[in-house]
**Student:** 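I have a structure here, written as structure tokens, and I will follow up with some questions on it.
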Amino acid sequence: MTERTILALGGNAFASPGKPLTMARQFEFAKLVFQSLSPLLIDHRELVISHGNGPQVGHMLIRVEEALGKAYAVPLEVCVAESEGELGYVIIQTLHNVLNEWRQHRPIASILTQVVVDQKDSAFESPTKPIGPFYTDEQADEVRQRGFPLREETGRGFRRVVPSPYPREIVDVDVIESLLRAGVLVVAAGGGGIPVIRDGEQMRGVEAVVDKDLTSALLGELIDARLMLILTDVPCAYQDFNTPNQSPIGRIGIAEAQQLLNEGHFAEGSMKPKIEAAIQFSRRSGCRTIICNVDILDQALNGLAGTIIEQTEKKV
Ligand code: ADP
Ligand code: MG
């Protein structure tokens, strides 16, 4: 079984909630995660790995602010590019080390990936994605003066909100495809990709972030992946999440997933984009999406655990 696979790694692959983020911890966590990915890594499947970057970009924004006037400022899309560099490095080195322990050898590459978004996307009119540190009232005034919209989160202070437009096109998809054909393990579209807009023949970056699960679905579709695997910190998606009626969602069809989505079972910005990504990928590719955590990966790959969303209306 060597089906071409797009793997979207959640932020918990590099950090543990509650523990301060350090470089050493990111390497440590990445090692634990990749050691549990042996079912995917040792069968020579064609594999693209994308990853989240929320906490890393949050820290970059703090560095930018603390250094204002001393070091040049870095706009948000450049922070995303830098996070692809940082985590791309963590992943390719860790993959190399883990594969070496297993006496496996494969070429590995990390690709800075630009993702085209639409300048007219409604996300630019009403930014909703919270990002970076929390600010006190006074700090918030300063940040507002620099032109950044903020939103208050009850009891926690103010936070920047940025547009999260829909991914339309992956600029570097042909490079990714060539590498896959050459047997390279590819890291791409980290943090949802570096958002750019097209301006006639030219491209330029925009201050935004793209959801990594939605970009992974688009990339999976474009490279004709046969499986999308979304690894996160819960074993599956749940109905009535965090209520006494919470119940796991197992194998479902696209229509059922859409219904659960419409009924509001999935939180905005966390599980909802995963389910949207799953529906989109599975509808367009006719293949399945699995949402699970690393602990149950083996069982999930065999259809025995996790949330599995698939095209049930088989073509005859
Ligand atoms: P990742 O870094 O993997 O993208 P997220 O925090 O964005 O992680 O998404 C995973 C989180 O989604 C879970 O930890 C859980 O708290 C939250 N979540 C929201 N709604 C649901 C649901 N219906 N079922 C399962 N998890 C949910
Ligand atoms: Mg997420």
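We count ligands from 1, going down the list as the structure has it; atoms in each ligand are counted the same way. Atom set for the values below is all heavy atoms of this structure, side chains included, hydrogens, waters and symmetry mates excluded.
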**Student:** If we only consider heavy atoms of Q239, is any one of them less than 4.0 Å away from an atom in ligand 1?
**Tutor:**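 Distance cut 4.0 Å: Q239 fails for ligand 1.
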**Student:** Do the side chains of K120 and E125 get close enough for a salt bridge, i.e. N-O under 4.0 angstrom?
**Tutor:**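 No, this pair does not count.
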**Student:** Evaluate D213 for polar contact with ligand 1, using N/O atom pairs at a separation under 3.5 Å.
**Tutor:**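 D213 vs ligand 1: no N/O contact under 3.5 Å.
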**Student:** I'd like the name of whichever of M271, K212, Q246, K274 reaches closest to atom 26 (N) of ligand 1 through any heavy atom.
**Tutor:**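 Ranked by closest heavy atom to atom 26 (N) of ligand 1, first place is M271.
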**Student:** Quick check: does G11 get an N/O under 3.5 Å from an N/O on ligand 1?
**Tutor:**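 G11 vs ligand 1: N/O contact under 3.5 Å present.
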**Student:** Which residue and non-hydrogen atom of the protein lie closest to atom 18 (N) of ligand 1, and at what distance in Å?
**Tutor:**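 Protein heavy atom with the smallest distance to atom 18 (N) of ligand 1: F241 CE2, 3.5 Å.
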**Student:** So, S83 versus E86: side-chain donor-acceptor pair below 3.5 Å or not?
**Tutor:**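 Not at all, the side chains of S83 and E86 share no donor-acceptor pair under 3.5 Å.
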**Student:** Hey, what else clusters with V78 if you join Ile, Leu, Val, Met, Phe, Trp, Tyr whenever side-chain heavy atoms sit under 4.5 Å?
**Tutor:**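 Once heavy-atom contacts under 4.5 Å are chained together, V78 belongs with V64, Y72, V74.
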**Student:** Under a plain distance cut-off of 3.5 Å, with no hydrogens placed, do Q56 and Q26 share a side-chain donor-acceptor pair?
**Tutor:**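 Result is yes, a qualifying pair exists.
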**Student:** Give a yes/no on ligand 1: does K272 have at least one heavy atom closer than 4.0 angstrom to it?
**Tutor:**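 For ligand 1, residue contact (heavy atoms, under 4.0 Å) with K272 is absent.
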**Student:** Can you list, pair by pair, the side-chain donor-acceptor contacts under 3.5 Å of residues 193-205, counting residues two or more places apart and other chains?
**Tutor:**
| residue | atom | partner | partner atom | Å |
| --- | --- | --- | --- | --- |
| R198 | NE | E169 | OE1 | 3.3 |
| R198 | NE | E169 | OE2 | 3.3 |
| R198 | NH2 | E169 | OE2 | 2.5 |

**Student:** Heavy-atom contact check, 4.0 Å cutoff: does G54 meet ligand 1?
**Tutor:**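 For ligand 1, residue contact (heavy atoms, under 4.0 Å) with G54 is absent.
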**Student:** Could you tell me if any non-hydrogen atom of G52 lies under 4.0 Å from any atom of ligand 1?
**Tutor:**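 No; G52 lies far enough from ligand 1 that no heavy-atom distance drops under 4.0 Å.
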**Student:** Write out the residue and atom name of the closest protein heavy atom to atom 3 (O) of ligand 1, then the distance separating them to 0.1 Å.
**Tutor:**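 The closest heavy atom on the protein side is T232 OG1, 2.7 Å.
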**Student:** Considering A267, S270, P273 one by one, which has a heavy atom nearer to atom 6 (O) of ligand 1 than any of the others?
**Tutor:**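 Nearest heavy atom to atom 6 (O) of ligand 1 lies in S270.
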**Student:** When you check the gap from the basic side-chain N to the acidic O, do E3 and R226 get nearer than 4.0 Å?
**Tutor:**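 So E3 does not pair with R226 through a salt bridge.
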**Student:** How close does the nearest protein non-hydrogen atom get to atom 13 (C) of ligand 1, and which residue and atom is it?
**Tutor:**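 That would be D233 OD1, 3.4 Å.
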**Student:** How far is atom 24 (N) of ligand 1 from its nearest protein heavy atom, and which residue and atom is that?
**Tutor:**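 The closest one turns out to be Y238 N, 2.9 Å.
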**Student:** Can E65 and Y135 be counted as having a side-chain donor-acceptor contact under 3.5 angstrom?
**Tutor:**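 Y135 and E65 do have a side-chain donor-acceptor pair below 3.5 Å.
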**Student:** Looking at E101 and K31, does any basic side-chain N land under 4.0 Å from a carboxylate oxygen?
**Tutor:**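 Result for this pair is yes, salt bridge flagged.
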